[in-house]
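Everything below concerns the one structure shown next.
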Amino acid sequence: MTGHSRRATPDVTESLAMRPRVRFAPSPTGFLHVGGARTALFNWLYARRHGGTFVLRIEDTDVERSSDDMVTGILSSLTWLGLSWDEGPGVGGPHAPYFQTERLDTYRAAASHLVEAGAAYYCYCRPDDLAAKREAAQAAGSAWTYDRTCHALSPEDVARREADGQARAVRFLVPPGITTFTDLVRGHIEFAREHIEDFVIIRSDGHPTYHLSVVVDDVEMEITQVVRGDDHISNTPKQVLLYEALGAPVPEFAHVPLILGPDKKRLSKRHGATSVGEYETQDYLPEAMINFLALLGWSPGGNQEVFSRDELVERFTLAGISGGNAVFNAEKLDWFNQQHLMRLPSEEILRRLRPALTAAGLWRDTFLTTEAGWIARVIDLLKPRARKLGQLVPALAPFVSDEVVYDEAAVIKHLKGDGVADHLAAWREVLQALPTLEPAPTEAALRALADARGIKPGVLIHATRVAVVGQAVSPGLFEVLELVGRGRVIERLRTHSS
RNA sequence: GUCCCCAUCGUCCAGAGGCCUAGGACGUGGCCCUUUCAAGGCCAAAACACGGGUUCGAAUCCCGUUGGGGACGCCA
């Protein structure tokens with residue numbers, strides 16, 4: 001060790017300190033919404049981009065509405081999207097547990113600390129009474145903030161209520177002044193505290209409210225950047241106040257715009273699918289979903305649209321998040337799906353298709369061995385014509401099995417015409433005589449035959465297509481014939497020729 | 001009602017004072033390729049909300065108006 005190491009040490013320490021710790025903290029009161037998924041994605045991208053840590057924390061303090069099934073569903077959707085978490089449910093971590101209901105003592109301790117420090121006080125008001133006051137004020141057209149009744153209670157009053165065993169909540173005492181914070185996407189934001197009421201931090205049932213638990217956990221879990229939805233922006237000053245009262249460093253904030261439906265209203269069920277799980281069910285590729293979501297409200301700056309997960313990680317910056325809300329455009333998602341499908345290697349497509357092919361009775365293990373090259377060519381031919389992965393299953397059928405499903409309209413249009421059966425018989429003879437079904441010579445042979453018989457090549461082409469694949473549409477006929485293979489082609493022509 | 005945020009083609013974005021007769025993508029229309037369908041290529045229509053400033057010069061900076069969104073819970 002030389003003098004160098006002494007200089008190097010602080011650098012290393014500093015670079016470690018720079019590593020961000022971000023988190024996604026869903027409440028398990030519903031499925032993973034696409035908006036939540038995008039928030040998770042931005043956090044994940046930021047962590048991965050900077051070699052930081054992505055924490056997943058479950059905010060289940062609303063015991064009434066939270067459920068284990070929802071937790072499972074959310075984890076499953078995140079996993080499907082490939083947003084792996086470094087700390088959280090299932091993987092644990094230095095700040096476990098990651099379920100808030102398992103951390104209640106921590107919140108109570110923090111609240112007691114705040115009460116002792118005079119930063120918070122007990123409140124014996126009944127929720128019903130407060131709601132009534134609030135409604136009355138609203139009816140009168142004015143805003144209502146808690147009137148601090150309980151802050152004004154004399155020690156005797158308090159003693160009597162305690163003796164009566166009255167339920168008490170804990171309220172944070174909002175000091176006068178102005179709270180400011182810097183938002184990484186919007187810049188400087190400030191709130192006059194006169195508009196902020198003394199908010200409840202511990203409910204009368206002893207459970208913490210969101211404001212307390214989120215701050216206590218973010219402090220304890222050493223979260224450095226809070227990346228979350230725009231709808232939290234007005235909560236932020238309350239939380240900044242809490243950080244300060246707790247004597248904790250305030251993290252940086254980045255509020256990302258909301259995702260809207262086509263009518264510019266917050267995306268909801270009536271706009272169609274809103275949960276990630278539905279898109280999974282609808283056979284979208286997770287990489288397409290990621291790409292689409294990333295570009296909703298964020299831009300790397302150039303003109304490129306299609307990005308792999310790694311490319312997104314490489315380019316992600318919080319500063320690239322735009323300020324305005326974004327409308328969810330399902331058609332563009334479809335386009336991304338197709339683009340990613342086309343870019344997926346055929347082996348990968350085959351791997352993902354295996355369950356569906358098996359279910360359809362079309363799978364055989366030789367796809368992985370002796371037939372690997374052949375099936376890859378078939379997939380490459382079909383994939384630019386598919387919008388969804390699953391569409392490849394029926395498209396693959398005429399290539400991999402003897403079963404051909406005939407489209408009635410196509411049969412009538414292209415196989416029932418005058419002389420068609422006869423033309424196909426002649427064409428079958430020609431094919432049988434050909435040394436191979438290589439596209440170019442096969443096409444030449446077909447055109448020569450059509451010429452000899454005085455018909456347009458299209459007549460033979462269309463008839464052959466329907467006879468071989470059962471549909472009026474397919475990839476280029478001659479590539480299809482070669483890959484279907486002479487045996488099956490001849491056989492299918494035989495059943496449709498005279 | 002109060003507070004906060006936002007404002008470029010129908011939609012998603014580019015644009016960080018002159019590079020803008022505003023660029024890309026989805027979608028739409030047309031053309032090309034072609035045996036069908038895709039993919040791909042080319043072309044077209046399509047936007048700086050409005051009004052004031054600041055500046056030699058503004059989509060870009062400031063103010064206001066309007067519009068949209070969000071928050072005002074013992075929900076998160």
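These values consider heavy atoms only, across backbone and side chains, with no hydrogens, waters or symmetry-generated copies. Chain letters run A, B, ... following the sequence lines, proteins first, then strands; residues in each count from 1.
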In this structure, how many angstroms lie between the P atom of B:U11 and the CG atom of A:Leu295, rounded? 17 Å
Value in whole Å for how far the P atom of B:A76 lies from CG of A:Asp218: 14 Å
What is the nucleic acid contact for A:Ser299, judged by heavy atoms within less than 4.0 Å: base, sugar-phosphate only, or nothing? sugar-phosphate
When all nucleic acid strands are considered with a 4.0 Å heavy-atom cut-off, which category describes A:Gly458: base, sugar-phosphate, or nothing? nothing
Could you measure between the two P atoms, the one in B:C63 and the one in B:G40, and give it in whole Å? 45 Å
Looking across every strand, which nucleic acid part, if any, lies under 4.0 Å from A:Gly297 by heavy atom: base, sugar-phosphate, or nothing? sugar-phosphate
Could you tell me the separation between the CG atom of A:Leu477 and the P atom of B:C37, rounded to a whole number of Å? 14 Å
Within 45° of the axis and under 6.0 Å from the centre of the six-membered ring of A:Phe99, does NZ or CZ of A:Arg57 qualify? no
Restricting to side chain to side chain donor-acceptor pair (under 3.5 Å), what partner residues turn up for A:Arg193, sequence neighbours left out? A:Thr179
Between A:Asp147 and A:Thr149, is there a side-chain donor-acceptor contact under 3.5 Å, judged purely by atom types and distance? yes
Give the nucleotide from the list B:A39, B:U36, B:U11 with an atom nearest to the side chain of A:Gln339. B:A39
Any side-chain N or O of A:Gln338 under 4.0 Å from OP1/OP2 of B:G27? no
Aromatic ring proximity A:Trp335/A:Phe292, centre distance under 6.0 Å: no
Between B:A76, B:G40, B:U35, which nucleotide gets closest to the side-chain atoms of A:Met342? B:G40
Centre of A:Tyr122's six-membered ring, under 6.0 Å away, within 45 degrees of the axis: is that where NZ or CZ of A:Arg168 sits? yes
What is the distance, to the nearest angstrom, from the CZ atom on A:Phe292 to the P atom on B:A25? 17 Å
State whether a side-chain donor-acceptor pair under 3.5 Å links A:Asp217 with A:Tyr107. yes
Please report the distance, rounded to the nearest Å, between CG in A:Asp128 and C1' in B:G73. 13 Å
Parallel, tilted or perpendicular: which describes the rings of A:Tyr121 and A:His151, with under 30° parallel and over 60° perpendicular? tilted
Nearest to the side chain of A:Arg171, which nucleotide is it out of B:U35, B:G40, B:C74? B:C74
Rounded distance in Å - CD1 (A:Ile196) to P (B:C3): 13 Å
Just name whichever nucleotide pairs with B:C33, Watson-Crick or G-U, keeping both distances under 3.5 Å, else none. none
Scanning all shown strands, the Watson-Crick or wobble mate of B:C56 with both distances under 3.5 Å is B:G18
Rounded to the Å, how far apart are A:Trp298 CH2 and B:A25 P? 18 Å
Lys/Arg N to Asp/Glu carboxylate O, A:Arg103 vs A:Glu220, below 4.0 Å: yes
Please classify the nucleic acid contact of A:Ser322 as base, sugar-phosphate, or nothing, using heavy-atom distances under 4.0 Å. sugar-phosphate
Please check if any side-chain donor atom of A:Arg228 sits under 3.5 Å from a side-chain acceptor atom of A:Thr39, or the reverse. no
Integer angstrom distance from the C1' of B:C13 to that of B:G52: 30 Å
With rounding to whole Å, what would you report as the distance between B:C9 and B:G29 at their C1' atoms? 16 Å
Would you check if there is a donor-acceptor pair between the side chains of A:Thr464 and A:Trp427 at a distance under 3.5 Å? yes
Heavy atoms under 4.0 Å, any strand shown: does A:Ala472 hit a base, just sugar-phosphate, or nothing? base
May I ask you to evaluate whether A:Arg465 reaches the phosphate of B:C37, defined as a side-chain N or O under 4.0 Å from OP1 or OP2? no
Would you indicate what A:Asn329 reaches in the nucleic acid, counting non-hydrogen atoms under 4.0 angstrom: base, sugar-phosphate, or nothing? base
What is the base-pairing partner of B:C9, counting Watson-Crick and G-U wobble geometry with both distances under 3.5 Å? none
Can you check ring pair (Phe, Tyr, Trp, His ring centres under 6.0 Å) on A:Phe328 and A:Tyr279, steps first, answer last? CA-CA 13 Å; A:Phe328 190 91; A:Tyr279 288 92; 5.8 Å; yes
Base, sugar-phosphate, or nothing: which does A:Pro457 touch, judged by heavy atoms less than 4.0 Å apart? nothing
When you compare B:C20 with B:A47, how far apart are their C1' atoms, in angstrom units rounded to a whole number? 13 Å
List in chain and number order the residues that pass side chain to side chain contact (heavy atoms under 4.5 Å, CB included) with A:Pro286, two or more places apart in sequence or in another chain; answer none if no residue qualifies. A:Trp80, A:Arg352
May I ask you to decide whether A:Lys388 forms a salt bridge with A:Asp334, counting only side-chain N to carboxylate O separations under 4.0 Å? no
Of A:Glu443 and A:Gly324, the one whose nearest nucleotide on RNA chain B sits closer to the 5' end is A:Gly324
Identify whether any heavy atom of A:Pro475 sits under 4.0 Å from a base atom; if not, whether one sits that close to sugar-phosphate; answer base, sugar-phosphate or nothing. base
Under 3.5 Å, N/O pairs linking protein and nucleotides 20-24 of chain B:
unit_1	atom_1	unit_2	atom_2	d
B:G24	O4'	A:Asn303	OD1	3.3
B:G24	O2'	A:Asn303	O	3.4
B:G24	N2	A:Glu305	OE2	3.1

Taken in chain and number order and not counting sequence neighbours, the residues that satisfy side chain to side chain donor-acceptor pair (under 3.5 Å) with A:Asn303 are none
What's the gap between B:U60 and B:C6 when it is taken at their P atoms, as a whole Å value? 15 Å
Between B:A49 and B:A14, how many Å separate the two P atoms, rounded to a whole number? 15 Å
Can you tell me the base-pairing partner of B:C72? Count Watson-Crick or G-U wobble geometry only, both distances below 3.5 Å, and say none if there is no partner. B:G1
Which nucleotide, if any, forms a Watson-Crick or G-U wobble pair with B:U65, using both distances under 3.5 Å? B:A49
Under 4.0 angstrom, heavy atoms only, what part of the nucleic acid is A:Ser204 near: base, sugar-phosphate, or nothing? base
Starting at atom CG of A:Asn337, determine the distance to atom P of B:A39, rounded to an integer number of angstrom. 13 Å
A:Thr61 side-chain N/O to B:A76 phosphate OP1/OP2 under 4.0 Å: yes
Any base atoms under 4.0 Å from A:Arg65, or only sugar-phosphate, or nothing? Heavy atoms, all strands. base
Looking only at the aromatic ring of each residue, does the gap between the centers of A:His496 and A:Tyr406 stay below 6.0 angstrom? yes
Could you work out the separation of B:G27 and B:U36 based on their C1' atoms and round it to a whole Å? 24 Å
Is it the case that B:C5 (base atoms only) and A:Arg186 (side chain only) share a donor and an acceptor within less than 3.5 Å, ignoring hydrogens and angles? no
Between N or O atoms, less than 3.5 Å apart, protein on one side and nucleotides 41-48 of chain B on the other: list the pairs.
none

Can you tell me, in whole Å, how much space there is between the C1' of B:C61 and that of B:A25? 29 Å
Quick check on the 6.0 Å ring-centre criterion: do A:Phe42 and A:Phe316 meet it? yes
Nearest of B:C12, B:C4, B:U35 to any side-chain atom of A:Leu296? B:C12
Going 5' to 3' through nucleotides 62-72 of chain B and flagging B where a protein heavy-atom sits under 4.0 Å of the base, S where only the sugar-phosphate is that close, and - otherwise, we get -------SSS-
